[in-house]
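Working notes, beginning with the structure itself.
Every number for a ligand or one of its atoms is a count from 1 in the order of the listing.
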Amino acid sequence: MSALRSSALHFLKSMYNSFSRQTLLRHVSRETILVTVLFCLTSFVVYRLYFHPLAHVPGPLLAKWSGWWRNYRYFRGTWHDDILKVHRNYGPIVRIAPNELSVVDAQITKQLYGHGHNAQKTKWYSTWDIPGAAPGLFAEQDKKLHAYLRKRVSGAYSMSAILKFETYVQGCLDLMLVGLKKHSDKGNTVNMANWTNALAFDVVGELAYGSKLGHLETETDVMGIRKAIFDGFFIMANFGHFLGQAQLVNNKIVNGFFALFGGSSGFSGFQKWSADKVRSRMGNDGAGGREDMLAHFIRMKNDQGEQASFPEVLIEAMNIIGAGADTTSIGMRSCMFYICSRPDVYKRLQREIDDYYDSMGLSNPITYQQTQQLPYLVAVCKEAMRLLPSIVYQLLRYAPEGLSVEDKHIPTGTPIGISPISQNRDRKVFGPDADEFRPERWFEDESKTRLMDSINMTFGGNGPRMCVGRNIALVEIHKFVAQLLRNFDVGLVDPNKPWHITSYWFAYQHDMNMWLKTRPGRALQAPSG
Ligand code: HEM
C-alpha cells in the first residue's frame, strides 16, 4: 500500500516539475476562465429567474436577479413614482429585488402592521443605528426590547402630554405667521418648503432639547442641521441594502478623517450638537424646571429602577428630531399643495375655519382640540397625507408563517413590505378614484370610512410599530393649516411646477414657492417672549 502511495506521489511530482507555471497557464487559457465565469453567472441568473423560492412572483426582469433595479431608483430619489408605476404594471405583489417583495393588499396590511400583529422588522433597519448610541425605538428589531423601549416613552407621546406642550407649538407658529406677514407686506413670495421645515424643527427643538433651534427667527438652517439630516437620510436609507450599511460612511474612521481637517461629515456634527444639548440638560438636574419631552426621558427608569443613562436619553431626543421634523413638514406641504390646487376645497375650508372663529368669538389662535371640531379640515389633512404620505419606501418586515398574497405562498422569513404611498392608493379600499384628492370620500359611508382608516398607512398602520409621534404631527399640522388660512390668502406661484420631490425614505418636497396676502382685519402680533 505504502509502495503504491509513494509511486503515485513520485508520478505527481514529476508531472508538476515537467509543467512550469507558464505551461499550466497556457493550458488554462483565458477562454476557459471566461467560459467558467460566464457559466457561473448564467447559472446564478437562471437560478434567480426560474428556481428561486420567489420565482413565481411577477416583477421587472432586472429586479428578479439583481438588487440594482431597486437601488438605482432609491439613489435617484424617484421612489414615490416608481413604486406606484411598478404596482400598476405588475399587480398587487411585485418582486422588486431578488429577495424582496412589495405588496398592496388590505389583508396583508393588517397581518404585517395591524393590532395584535407584530411582524419583525428586517435587518435593513440596522442602517439607522447610530454608532456608539443606545438601541433606538425606531430601528430596534428585537420585539421584546422594542416593547420595553416603547412602553418607557409612551407617556411622553400621549395626546394628554402633547396638549400640555401645545403652548410651545403655538409659540413657534406665532413666530412663523409674523415672519410670513413681514414677507407678504413686502410683496415677496416665500419658499414654503423652508418655512414649514423651519417650523417643524423649531417645534422639535422645544420638545426634545428645551428651546427653539432658531430656524424661524433667523430664517436660516441653523448650524446646517436640516441639511445634515437630509444628507444623513440619503446615506442611511440608501445604503441599507449594502454590506456595512450606513456605517460604511458614518464611522469613526471617516468621522476622524473629517475631524483631522477641522470639519465634520455632517451627520456626526449633528450628533455632537445633540449630545451637548442633552448633556447640559441632564447636568441641570433634569428639566431645569421645564416640563417637556426631554424632561420625561431624563426621568425614565430601567427595570432595576435605575435612572436612564445618557446614551438612552440621547437616542430618544435624536429620535424626535430625526423622525419628527421632516415628516411633519412634508405633511404640512402636502396639505397646502392639495388645498391650493382645488379652489372649491380651498373656499369651503376657509369658510369652515372663519365660521368657527366667528361663531366662537375666538380672538386667540385656534387650539388643536378646537380644530378637531372642524370635520372638513380634518378630512382635508387626512386626504392630503393619504395621497402623499411622508414615508414612501417599503416598511420592511420578515414574512410571518403562512402568509399568502393572491394565492401566492410567501416563504416564511422573506423580506416583504408595504410602501405607504402605494397602499394608500389601493383602489379596492379607497375606490376607483383613489388617485384623486377628494376629501368628501371620508364622509360618504361610515363603514367605508372605518375600513379606510384601518388600512391608511400614512402613520405605518395601527399596530405596535405605528408612528409613536403621530399626536405631535397632528397637533402641528391641523393648527398650521387652520391658522395659515385664517390669517392669509395663499396660492402656488406656479401651479404647473409647484415643487420637486426627492425621496430618500421621506418624500421631501423642495422649492414650494407660494404667494401670500394678509387677510383684511387679521392683526398678527409679534409673539412675546
Ligand atoms: C406627518 C408626520 C409623520 C408621519 C407621516 C410619520 C410616519 C411614520 C411611519 C410610517 C412610521 C412607521 C415606520 C416603520 O414601520 O418603519 C413611523 C414610526 C415612528 N415615528 Fe413617525 N411619522 C410622523 C411624525 C413623527 C413625529 C412628529 C415623531 C416624533 C416626534 C415620530 C417618531 C416616530 C418614531 C420614533 C417611530 C418608530 C416607532 C416604533 O417603531 O415604535 N414620527 N412614523
Specify the protein heavy atom at minimum distance from atom 2 (C) of ligand 1: its residue, its atom name, and the distance to 0.1 Å. A473 CB, 3.5 Å
Taking atom NE2 of H115 and atom CE of M466, what is their separation to the nearest 0.5 Å? 7.5 Å
With a 4.0 Å cut-off on heavy atoms, is H146 touching ligand 1? yes
Where does the angle between the aromatic ring planes of Y393 and W505 fall among parallel (under 30°), tilted (30 to 60°) and perpendicular (over 60°)? perpendicular
Residue and atom name of the nearest protein heavy atom (relative to atom 24 (C) of ligand 1), distance in Å to one decimal: T327 OG1, 3.3 Å
Hey, which atoms in ligand 1 end up nearer than 4.0 Å to a heavy atom of T458? 5 (C), 7 (C), 10 (C)
Which protein non-hydrogen atom lies closest to atom 9 (C) of ligand 1, naming both residue and atom, and how far is it? I391 CD1, 3.6 Å
Check if G460 has a non-hydrogen atom at a distance under 4.0 Å from any atom of ligand 1. yes
Report yes or no: is the cationic atom of R279 (NZ for Lys, CZ for Arg) closer than 6.0 Å to the six-membered ring centre of F310, at no more than 45° off its axis? yes
How many angstroms lie between OG1 in T127 and CD in Q245, if you round to the nearest 0.5 Å? 4.5 Å
Look at D433 together with R427 and state whether they make a salt bridge at an N to O cut-off of under 4.0 Å. no
Return yes when Y125 approaches ligand 1 closer than 4.0 angstrom through a heavy atom, no otherwise. yes
Counting only heavy atoms, which portion of F506 has something under 4.0 Å from ligand 1: side chain, backbone, both, or neither? neither
Residue pair Y504, Y74: steps toward the ring-ring contact (aromatic ring centres under 6.0 Å, His included) verdict: CA-CA 7 Å; Y504 303 124; Y74 272 17; 9.3 Å; no
Hey, does the side chain of S419 reach the backbone of Q394 with a donor-acceptor pair shorter than 3.5 angstrom? no
Within the structure, does N319 bring an N/O atom to less than 3.5 angstrom of an N/O atom in ligand 1? no
Looking only at heavy atoms of W505, does any of them come nearer than 4.0 Å to an atom of ligand 1? yes
Under-4.0 Å salt bridge between K428 and E406: yes
Quick test: of every protein heavy atom, which one is nearest to atom 20 (N) of ligand 1, and how far off is it to 0.1 Å? C467 SG, 3.3 Å
Is the closest basic N to carboxylate O distance between R70 and E100 below 4.0 Å? yes
Which heavy atom of the protein is the closest neighbour of atom 13 (C) of ligand 1, given with residue, atom name and distance? F138 CE1, 3.9 Å
Does R397, backbone or side chain, put an N or O under 3.5 Å from an N or O of ligand 1? yes
Fit a plane to each ring of F242 and F239, take the angle between them on a 0 to 90° scale, and name the class: parallel (under 30°), tilted (30 to 60°) or perpendicular (over 60°). tilted
So, R386 and D426, do they make that salt bridge, N to O below 4.0 Å? no
Near S390 (heavy-atom distance under 4.0 Å), the atoms of ligand 1 are 1 (C), 5 (C)
R465-ligand 1 polar pair, N/O distance under 3.5 Å: yes
Closest protein heavy atom to atom 26 (C) of ligand 1, given as residue, atom name and distance to 0.1 Å: G324 CA, 3.3 Å
Identify the heavy atoms of N118 and R465 that sit nearest to each other, and give their distance. OD1-CG, 3.9 Å
Just go through C381, G469, G461, P389 and tell me whose heavy atom is the nearest to atom 31 (C) of ligand 1. G469
With a 4.0 Å cut-off on heavy atoms, does R470 reach ligand 1? no
The protein heavy atom nearest to atom 35 (C) of ligand 1 is V468 CG1, 3.5 Å
At what distance is the nearest protein heavy atom to atom 33 (C) of ligand 1, and which residue and atom is it? A323 CB, 3.7 Å
Quick one: does ligand 1 sit under 4.0 Å from the side chain of E140, the backbone, both or neither, non-hydrogen atoms only? neither
Test salt bridge (Lys or Arg N to Asp or Glu O under 4.0 Å) on D231 and K227; report intermediate values, then the result. CA-CA 6 Å; D231 293 347; K227 184 173 179 321; 2.5 Å; yes
Residue part near ligand 1, for L137, under 4.0 Å between non-hydrogen atoms: both
